[in-house]
Structure formats: C-alpha cells, structure tokens
Visitor: 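Take this structure, written in structure tokens, and hold onto it; I'll ask about it next.
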Amino acid sequence: STLWLVTEARGLWSLHSELSNRGKSGGLPPRECRVHMAELIDAVAYMHHAGFCHRDLKPNNIAWMEEAGRHWCVIQEFHVTQRCRTGER
C-alpha cells in the first residue's frame, strides 16, 4: 500500500537557503537556533517513536516556513524514509 504525506507549502524555502542568506548578516541568533533545533529534535524523536528513520536529514531537506513574521521548520523529503530496524532509533 502507499502512504501519502501532505505538508504545507506557503512561504517556504529550505533551511539551507535561509542560513546562506543570513550568513551574510551574521546568521541566526543563538536563541532562534535553540528554538528551531528543539523543533527538529522533537520532530525526529516523534518519527523514531513511530518507528521511522528519515535517512537524509540535512538543511536542504528542512523547509523554513514563514507567516506573519513567525518562523518554523518542517522536515521534508520523506521519500527516503524507512522503517527503523531494532537498535537504529
């Protein structure tokens, strides 16, 4: 069977692009880095708890979302996701 995953697509570009753009002006402030890393760690923990491993997590596969001045990260590129084997989580 096929599993379809639908994610948001508004105001989105990659975390890699955002970091490249912000690198010219000093990068992300430490507090903002902590907030977004916590979001990503929670998302990966949720995936692992559900028994899935992403297998290609990198800034190009993380969407940088923006709406009304608020930013958040969304993990994408789930075509490489697989069920984790015991001990991989």
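As a basis for the values below, the full set of heavy atoms in this structure was taken, side chains included, without hydrogen atoms, waters or symmetry mates. We're numbering straight along the sequence, starting at 1.
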Visitor: For His16 and Asn61, indicate whether the former's side chain and the latter's backbone hold a donor-acceptor pair under 3.5 Å.
Guide: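 Answer holds: no.
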Visitor: Any side-chain heavy-atom pair from Arg83 and Phe52 closer than 4.5 angstrom?
Guide: yes
Visitor: Going from CD1 on Ile62 to SG on Cys73, what distance comes out if it is rounded to the nearest 0.5 angstrom?
Guide: 6.5 Å
Visitor: Do you know the tightest heavy-atom contact between Pro29 and Arg22?
Guide: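 For Pro29 and Arg22, the tightest heavy-atom pair comes out as CD-NH1, 3.9 Å.
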Visitor: For residues Glu77 and Asp56, determine if any side-chain heavy atom of one lies less than 4.5 Å from a side-chain heavy atom of the other.
Guide: no
Visitor: Let me check something: do Trp13 and Leu15 share a hydrophobic cluster, defined by ILVMFWY side-chain heavy atoms less than 4.5 Å apart, either directly or through other members?
Guide: yes
Visitor: From Asn21 CG over to Trp64 CH2, what is the distance, rounded to the nearest 0.5 angstrom?
Guide: 11.0 Å
Visitor: Within this structure, what is the CZ-CE distance for the pair Arg34 and Met37, rounded to the nearest 0.5 Å?
Guide: 12.0 Å
Visitor: Would you say that His36 contacts Glu18 through its side chain, given a criterion of any heavy-atom pair below 4.5 Å between the two side chains?
Guide: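 SC-SC contact between His36 and Glu18 ruled out.
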Visitor: Nearest 0.5 angstrom please: Cys84 SG to Arg55 CZ, how far?
Guide: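 Result: 6.5 Å between the selected atoms.
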Visitor: Does a side-chain heavy-atom distance below 4.5 Å link Ser14 with Lys58?
Guide: no
